[in-house]
Amino acid sequence: MKRLFTAILILQLGLAGSAWAKMGSGLVTAKSGDVDIEIFGSLHTYPTFVYDSDFNSDDTIYDAILDEGGWMAEESIRSEARLGFSGKGDHWGFLTILEADFTYSKANGDRGANSTDPLDSGFTGEDFGIEKLEFTYDFGPLELETGWQTKALDIRTGGVLYGDDHPFIGLRGKYESIGWEVLYLIIQNDIENIDSGKVIGPFDADSMDWRAYTAKLDFNVNDDFTISPFYAFSDNQDHEATVHYMGLEAFGKFGILAPRAEFVYAYGDQDVGDDEYDIGAFAAFAALEFKLSPLFNPFVGGYYVSGDSDGDDDDIEAFNPITNISRYAPTFGMENAFVYRYVPALGNHLYSNVPDVLGTTPGYGGIGNSAKAESPGMAMCGLGISGSKDAWQYKTQLMYFWFDDTGALEDVYQSGDISDDIGLEWDLQVTYKFGPHFSIGNVFALFDPGDGVQDLRGDDFDRTAILDTVELKWQF
């Protein structure tokens with residue numbers, strides 16, 4: 001049936017004749033009376049080599065890292081294949097991206113699912129599905145939007161609060177130089193006492209739900225600078241937490257200076273068992289890039305994310321985001337750096353540079369709702385350089401991380417003093433573009449753990465982690 005469908009599709013493309021034409025860099029468009037369609041796609045293949053990701057030369061329970069394609073250790077190849085369609089009609093439009101993202105193995109490469117394996121990672125039809133979707137209708141003064149395309153509140157600065165492709169319904173628009181967007185986000189929609197499709201107890205239809213409601217404004221001060229206040233209300237019923245996030249980001253350019261900054265304050269309350277806790281926490285980011293020439297653009301900056309100081313009081317001072325997306329933020333973001341994977345020995349989330357998985361009490365956010373109330377938070381200061389010449393591009397950065405406050409962590413782990421020294425990471429990315437459709441790059445990353453890692457995991461967790469990722473990228 002799949003072969004028949006493919007043959008029909010090829011025949012249709014062939015019969016279309018002059019109705020199909022090349023557009024731009026490899027895009028293909030189909031025009032009819034009421035809609036124009038573009039087709040695009042990409043393949044990112046990442047051979048990855050990992051050494052001592054747990055900072056230990058022996059085998060331990062922390063000796064692997066997690067990326068979007070699955071767990072990786074020693075030698076792995078992650079592959080992300082995408083095929084996309086976008087269209088535009090009279091007042092309406094759509095975007096659809098099909099994706100398969102997995103780590104190569106014989107089972108998922110050409111054999112499909114292994115039904116006898118409860119941890120099946122077979123590459124089947126369910127693995128190549130609609131990764132992103134967005135449909136819009138423009139009413140004039142405002143535009144209706146829905147789907148599960150990536151949305152973000154602060155990805156243009158530090159990405160400390162939210163960026164992800166959760167399902168949404170929203171409205172957006174623009175009045176003169178002010179843009180706006182409001183969203184209803186479905187972060188989690190589960191019904192308690194249903195397991196593998198079977199009812200195992202009485203329903204509690206909303207006790208595991210998590211919704212977020214956001215609003216964002218963009219004030220374009222001029223063509224080169226934007227100030228953007230934002231607000232998010234997180235109704236995390238699964239963890240019995242209601243949280244308000246008030247934030248502001250600003251970015252732009254003043255001559256050779258390109259500043260970026262944001263601040264987010266979180267307040268609310270959370271019930272844990274019979275106890276009620278008051279939430280009061282914040283996060284901040286600031287960076288300055290010097291646009292000196294295409295070849296040489298130094299930058300400097302840092303993060304601050306508050307941690308909890310006391311595990312026995314009724315306050316939660318640890319900042320838990322909805323989904324931290326700093327991996328794709330513009331200044332220190334780098335997809336194949338070390339710290340932006342899920343590194344169990346560090347206790348950070350995928351996409352995030354904050355070790356907020358550390359602790360024992362469920363918090364009020366984080367990807368997978370897995371951040372902890374005793375999170376020690378994080379501070380980071382860093383510097384780097386980026387640039388390009390002809391077909392070459394490069395970026396290198398040095399980042400030093402330390403815990404903000406380990407007081408609550410020491411209380412719940414019943415440990416002695418935990419050093420605030422997390423460690424030092426160095427990244428180097430070099431890319432050569434053979435043309436608009438293919439490039440080869442490499443990311444080399446080192447993470448030297450600090451005394452805080454040894455205090456958490458043991459004296460033997462002191463080896464430098466090495467990560468090397470080859471980046472093979474095709475796109476059309």
Side-chain angles (χ1 to χ4, degrees), residues 150-164 166 180-183 185 187 210-219 226-236 239 241-252 259-270 277-288 301-309 315-333 340 348-349 351-357 363-367 369-373 375-382 401 403-405:
T150 299
K151 294 292 182 180
L153 291 172
D154 56 343
I155 198 172
R156 298 173 296 184
T157 50
V160 300
L161 177 57
Y162 179 71
D164 216 329
H166 292 106
W180 61 272
E181 184 175 47
V182 294
L183 295 171
L185 295 162
I187 310 298
W210 183 10
R211 305 283 189 267
Y213 309 83
T214 71
K216 184 175 179 63
L217 295 174
D218 280 342
F219 294 95
T226 300
I227 297 175
S228 181
F230 53 85
Y231 166 78
F233 173 66
S234 172
D235 183 13
N236 190 339
H239 287 180
T242 55
V243 189
H244 303 267
Y245 298 91
M246 305 290 295
L248 178 75
E249 69 171 356
F251 55 94
R260 297 180 185 272
E262 75 165 299
F263 179 84
V264 186
Y265 181 73
Y267 66 94
D269 57 76
Q270 180 178 8
Y277 295 84
D278 294 324
I279 298 169
F282 66 95
F285 166 82
L288 182 62
Y303 284 85
Y304 178 84
V305 179
S306 65
D308 195 64
S309 61
D315 294 323
I316 298 177
E317 299 158 330
F319 182 87
N320 292 172
I322 300 173
T323 300
N324 181 303
I325 198 67
S326 54
R327 176 178 186 167
Y328 296 109
T331 308
F332 293 98
Y340 298 122
N348 61 304
H349 281 109
Y351 310 128
S352 171
N353 53 14
V354 183
D356 50 10
V357 180
Y364 54 91
I367 187 171
N369 214 2
S370 56
K372 298 299 189 289
S375 167
M378 178 273 290
M380 184 277 277
C381 62
F401 298 87
F403 295 126
D404 170 51
D405 199 320

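Quick caveat, the model's predicted, so the values are computed rather than measured. Just so you know, residue 1 is the first one in the sequence shown, and it goes up from there.
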Which atoms form the tightest heavy-atom contact between A212 and I322, and what is the distance? CB-CD1, 4.2 Å
Could I get the full list of side-chain hydrogen bond (donor to acceptor under 3.5 Å, both in side chains) partners for D308, not counting sequence neighbours? none
Quick one: which of F319, Y265, Y245, F263 gives a ring-ring contact (aromatic ring centres under 6.0 Å, His included) with F282? F263
In Å, rounded to the nearest 0.5 Å, how long is the span from OG1 of T242 to CG of D269? 4.0 Å
Separation between CZ of F219 and CH2 of W180, rounded to the nearest 0.5 Å: 13.0 Å
Does the distance from a Lys or Arg side-chain N to an Asp or Glu carboxylate O, for K151 and E181, drop under 4.0 Å? yes
Identify, with sequence neighbours excluded, every residue that meets salt bridge (charged side-chain N to carboxylate O under 4.0 Å, His left out) alongside E317. none
Straight-line distance of N320 CG to S306 OG, nearest 0.5 Å: 9.0 Å
Residues in side-chain contact (heavy atoms from CB on, under 4.5 Å) with S370, at least two apart? H349
Out of curiosity, W210 CH2 to H166 NE2, how far, rounded to the nearest 0.5 Å? 7.0 Å
Shortest non-hydrogen contact between S375 and A318, atoms and distance: O-CB, 3.5 Å
Residues D164, T150; criterion side chain to side chain contact (heavy atoms under 4.5 Å, CB included); working and verdict: CA-CA 5 Å; D164 216 329; T150 299; over 6 Å; no
Using the side-chain contact (heavy atoms from CB on, under 4.5 Å) rule, pick out the option among D154, N353, V305 that qualifies with N324. N353
Please identify each residue that fulfils side-chain hydrogen bond (donor to acceptor under 3.5 Å, both in side chains) with Y303, with sequence neighbours left out. none
Only one of T214, T323, I155 forms a side-chain contact (heavy atoms from CB on, under 4.5 Å) with Y162, so which one is it? T323
Are the side chain of D404 and the backbone N or O of G307 linked by a donor-acceptor pair below 3.5 Å? yes
Quick one: does L185's side chain get under 4.5 Å of R211's, heavy atoms only? no
Within the 3.5 Å criterion, strictly below it, is a donor on S228 or D218 matched to an acceptor on the partner's side chain? yes
Residues V182 and A215: closest non-hydrogen pair is CG1-CB, 3.9 Å
Y351 vs Y340, side chain to side chain contact (heavy atoms under 4.5 Å, CB included): CA-CA, chis, key distance, verdict: CA-CA 5 Å; Y351 310 128; Y340 298 122; over 6 Å; no
Taking the side chain as every heavy atom from C-beta outward, state whether H244 and Y231 have any atom pair closer than 4.5 Å. yes
Hey, is the main chain of A284 close enough, under 3.5 Å, to the side chain of E262 for a donor-acceptor pair? no
What I'd like to find out is whether the side chain of M378 reaches to under 4.5 Å of the side chain of P355, using heavy atoms alone. yes
Does R156 reach the main-chain N or O of F251 with its side chain, forming a donor-acceptor pair under 3.5 Å? no
With side chain to side chain contact (heavy atoms under 4.5 Å, CB included) as the test, would you mind laying out the steps for F285 and T331 before giving the verdict? CA-CA 10 Å; F285 166 82; T331 308; 3.9 Å; yes
Donor-acceptor pair, side chain of K216 and main chain of L153, under 3.5 angstrom: yes
Value rounded to 0.5 Å, distance of OG in S326 from CE in M380: 8.0 Å
Do L248 and I227 come within less than 4.5 Å of each other through their side chains, counting heavy atoms only? yes
D405 meets the side-chain hydrogen bond (donor to acceptor under 3.5 Å, both in side chains) criterion, sequence neighbours left out, with none
Find the distance between CE (M246) and CG (L161) and round it off to the nearest 0.5 Å. 12.0 Å
So, does H239 use its side chain to make a donor-acceptor pair with the main chain of Y364 at under 3.5 Å? no
Please identify each residue that fulfils side-chain hydrogen bond (donor to acceptor under 3.5 Å, both in side chains) with N348, with sequence neighbours left out. none
Are K372 and D356 close enough, and set up right, to give a side chain to side chain contact (heavy atoms under 4.5 Å, CB included), and what steps lead you there? CA-CA 6 Å; K372 298 299 189 289; D356 50 10; over 6 Å; no
